[in-house]
Amino acid sequence: QVQLVESGGGLAQPGGSLRLSCAASGSIASITTMGWYRQAPGKERELVARTISNAPIQYADSGKGRFTISRDNAKNTVFLQMNSLKPEDTAVYYCNAIIFTLERPLVPMIYWGQGTQVTVSS
């Protein structure tokens with residue numbers, strides 16, 4: 001069994017910063033992709049940023065220049081540093097990973113975290 005556990009959400013003022021963390025644990029053979037998505041009320045879930053092994057980092061236009069994704073492969077952890085936050089960044093942020101498990105090392109499985117609320121408001 002694999003779990004993604006997120007932390008770091010909360011309330012920030014416009015122009016402020018937050019740092020999200022997501023740690024993957026369990027029966028992990030390897031991880032190809034780790035990233036962040038978000039879903040605002042009444043809207044579809046959308047990509048924020050993701051890291052793919054041996055590929056360039058991908059950012060949504062909404063976060064370019066303000067958000068930075070990074071990854072600690074040794075700890076199976078991904079981070080999202082969010083600066084210059086705007087009210088429109090308010091959403092539930094979900095960690096996402098594509099993982100090959102020890103039980104099925106040839107089958108990529110998609111996992112989601114439980115979500116962490118980010119609210120940007122004065």
Side-chain angles (χ1 to χ4, degrees):
Q1 189 75 355
V2 172
Q3 283 189 319
L4 302 182
V5 178
E6 300 140 340
S7 61
L11 176 65
Q13 292 188 342
S17 298
L18 285 173
R19 180 177 170 88
L20 306 182
S21 300
C22 171
S25 63
S27 183
I28 298 171
S30 64
I31 303 176
T32 61
T33 301
M34 294 193 83
W36 294 92
Y37 288 71
R38 69 185 183 185
Q39 187 166 18
K43 295 187 176 181
E44 293 186 354
R45 192 173 296 188
E46 63 179 7
L47 173 70
V48 177
R50 64 184 174 190
T51 71
I52 305 172
S53 298
N54 303 315
I57 289 175
Q58 299 176 352
Y59 289 99
D61 289 343
S62 58
K64 285 181 179 178
R66 301 187 299 123
F67 295 175
T68 302
I69 190 171
S70 60
R71 185 169 158 181
D72 184 338
N73 291 325
K75 296 182 178 180
N76 291 332
T77 300
V78 65
F79 305 94
L80 184 68
Q81 178 67 42
M82 302 187 292
N83 299 328
S84 302
L85 283 164
K86 304 175 182 180
E88 50 263 44
D89 294 319
T90 296
V92 178
Y93 284 69
Y94 295 92
C95 179
N96 168 273
I98 299 177
I99 296 174
F100 292 85
T101 65
L102 294 174
E103 291 77 16
R104 304 180 72 183
L106 300 181
V107 179
M109 304 289 287
I110 300 174
Y111 293 90
W112 292 92
Q114 78 282 2
T116 185
Q117 177 69 47
V118 170
T119 302
V120 183
S121 174
S122 55

- prompt: Is the side chain of Tyr59 donor-acceptor paired with the backbone N or O of Arg66 at a distance under 3.5 Å, no angle test?
  reply: no
Test side-chain hydrogen bond (donor to acceptor under 3.5 Å, both in side chains), reference Tyr93, set Glu6, Gln39, Arg38, output is Arg38
Between the OH atom in Tyr111 and the CG atom in Leu4, the distance rounded to the nearest 0.5 Å is 9.0 Å
The reported gap from CG in Asn54 to OG1 in Thr32 (rounded to nearest 0.5 angstrom) is 10.0 Å
**Message:** A quick test of your reading: do over 12 heavy atoms of other residues, nucleotides or ligands sit less than 6.0 Å from CD of Glu44?
**Reply:** no
So OG1 of Thr119 and CG of Leu11: to nearest 0.5 Å the spacing works out to 6.0 Å
Hydrophobic cluster identity match, Val92 and Trp112, side-chain contacts under 4.5 Å:
yes
Does one hydrophobic cluster hold both Val118 and Tyr37, with members joined at side-chain heavy-atom distances below 4.5 Å? no
Walk me through whether Lys86 and Asp89 qualify under salt bridge (charged side-chain N to carboxylate O under 4.0 Å, His left out). CA-CA 5 Å; Lys86 304 175 182 180; Asp89 294 319; over 6 Å; no
Heavy-atom nearest pair, Gly35 first then Ile69, reads CA-CD1, 4.0 Å
Worksheet item: For Arg19, does the CZ atom have more than 12 heavy-atom neighbours from other residues, nucleotides or ligands under 6.0 Å away?
Response: yes
Rounded to the nearest 0.5 angstrom, the CD1-OG distance for Ile57 and Ser70 is 8.0 Å
Do Thr77 and Phe79 have side chains that approach each other closer than 4.5 Å (heavy atoms only, starting at C-beta)? yes
Requested in this report: Could you state whether Ile110 and Leu102 fall into the same hydrophobic cluster, counting links through intermediate Ile, Leu, Val, Met, Phe, Trp or Tyr residues with side-chain heavy atoms under 4.5 angstrom apart?
Outcome: no
Minimal heavy-atom distance between Pro108 and Phe100, with the atoms involved, is N-CE2, 3.5 Å
Note: Thr90 and Ala40 closest approach over all heavy atoms is O-CB, 3.7 Å
Rounding to 0.5 Å, atoms CZ (Arg45) and CG (Leu47) come to a distance of 12.0 Å
Quiz item: Do Leu20 and Met82 come within less than 4.5 Å of each other through their side chains, counting heavy atoms only?
Solution: yes
Checklist entry - Backbone N or O of Gln1 within a donor-acceptor pair of the Ser27 side chain at under 3.5 Å? => result no
Heavy-atom closest pair (Leu18 atom, Gly8 atom, distance to 0.1 Å) is CD2-O, 4.1 Å
With side-chain contact (heavy atoms from CB on, under 4.5 Å) as the criterion, how do Asn96 and Arg50 come out once you've worked through the C-alpha distance, each side chain's angles and the decisive distance to 0.1 Å? CA-CA 8 Å; Asn96 168 273; Arg50 64 184 174 190; over 6 Å; no
Gln3 CD: over 12 foreign heavy atoms closer than 6.0 Å: no
Nearest heavy-atom approach of Arg71 to Asn73 is NE-OD1, 2.8 Å
d(Leu80 CG, Met34 CE) to nearest 0.5 Å is 12.0 Å
Tightest non-hydrogen contact, residues Pro14 and Ser121, listed as CD-C, 3.6 Å
- Test log, rule side-chain contact (heavy atoms from CB on, under 4.5 Å), inputs Val78 and Cys95: CA-CA 8 Å; Val78 65; Cys95 179; 4.0 Å; yes
* To do: Indicate if Tyr94 and Val5 have the same hydrophobic cluster label, given that clusters are the connected sets of ILVMFWY residues with side-chain heavy-atom separations under 4.5 angstrom.
  => no
The salt bridge (charged side-chain N to carboxylate O under 4.0 Å, His left out) partners of Glu103 (sequence neighbours excluded) come to none
Are Ile28 and Ile98 joined in one hydrophobic group, where the rule is that I, L, V, M, F, W and Y side chains link up if heavy atoms are under 4.5 Å apart?
-> no
